[in-house]
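This report refers to the structure that appears directly beneath it.
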Amino acid sequence: MKKEDTVKLISAEGFEFVIDKKAAMVSQTIRNMLTSPGSFAETEHGEVTFPEISTVILEKICQYFYWSLQYASGKETEFHIEPELTLELMMAANYLHT
């Protein structure tokens, strides 16, 4: 896979998730960061750092992006969310507009 087809999402702890750009575009916020005109670091490097989102939450968000693409293509499966992650995940989802 080409580098321009992927996006690197970096958690508060510095853990890096390299995911398909199409999956990352599920988030309106990430889409805006990567496609906005100008010379923004996110646009130029294909990296987005989330200093307020923990590794565990960002991992679950990445899983959701892929699940959302499958759901949109007609594959209906369950997306399990651990109860202890719910509040933090809702706050991150609100920020990411997902």
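Keep in mind the model is a prediction, meaning the values are calculated, not measured. If you read the sequence from its start, that first residue is 1, and numbering goes on from there.
Residues forming a side chain to side chain contact (heavy atoms under 4.5 Å, CB included) with T49 (at least two apart in sequence, or on another chain): I10, P51. With sequence neighbours excluded, no residue forms a salt bridge (Lys or Arg N to Asp or Glu O under 4.0 Å) with K22. Every residue was checked against the side-chain hydrogen bond (donor to acceptor under 3.5 Å, both in side chains) condition with S68, not counting sequence neighbours, and none meets it. The salt bridge (Lys or Arg N to Asp or Glu O under 4.0 Å) search around E82 returns K60, not counting sequence neighbours. Listed by chain and number, the residues in a salt bridge (Lys or Arg N to Asp or Glu O under 4.0 Å) with E52 amount to none (sequence neighbours excluded). Scanning for side-chain hydrogen bond (donor to acceptor under 3.5 Å, both in side chains) contacts around E16 gives K8, with sequence neighbours left out. In this structure, the side-chain hydrogen bond (donor to acceptor under 3.5 Å, both in side chains) partners of T77, at least two apart in sequence or on a different chain, are W67. Looking at residues two or more places apart in sequence or on another chain, you find a side chain to side chain contact (heavy atoms under 4.5 Å, CB included) between T35 and M25, R31. Take T86 and apply the side chain to side chain contact (heavy atoms under 4.5 Å, CB included) test, not counting sequence neighbours, and it matches I81, M90.
Between the OG1 atom of T55 and the CZ atom of F17 there is a distance of 5.5 Å, given to the nearest 0.5 Å. In this structure, CD on Q63 lies 11.0 Å from CD1 on I19, to the nearest 0.5 angstrom. Between atom SG of residue C62 and atom CG of residue L58 there is a gap of 4.5 Å, rounded to the nearest 0.5 Å.
Closest approach of A23 and L69 over heavy atoms only: CA-CD1, 3.5 Å. A pairwise comparison of heavy atoms in S27 and L96 identifies OG-O, 2.7 Å as the closest pair.
Not a single donor-acceptor pair under 3.5 Å links the side chain of S11 to the backbone N or O of I53.
Clustering ILVMFWY residues whenever any of their side-chain heavy atoms sit less than 4.5 angstrom apart, transitively, puts V18 in a cluster other than the one holding L9. Hydrophobic clustering keeps I30 apart from M91 (ILVMFWY residues linked when any side-chain heavy atoms are closer than 4.5 Å, directly or through intermediates).
A 4.5 Å side-chain heavy-atom check between F65 and D20 finds every atom pair outside the cut-off. When side chains are defined from C-beta on, Y64 counts as touching V26, because their heavy atoms get closer than 4.5 Å. Considering only heavy atoms from C-beta on, V56 comes within 4.5 Å of L85 through its side chain. The shortest side-chain heavy-atom distance between S54 and E13 falls under the 4.5 Å cut-off.
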Give the intermediate values and the outcome of side-chain contact (heavy atoms from CB on, under 4.5 Å) for residues K21 and D5.
CA-CA 5 Å; K21 192 171 190 175; D5 293 337; 5.6 Å; no

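Remark: F79 CZ is packed, more than 12 non-hydrogen atoms of other residues, nucleotides or ligands lying under 6.0 Å away.
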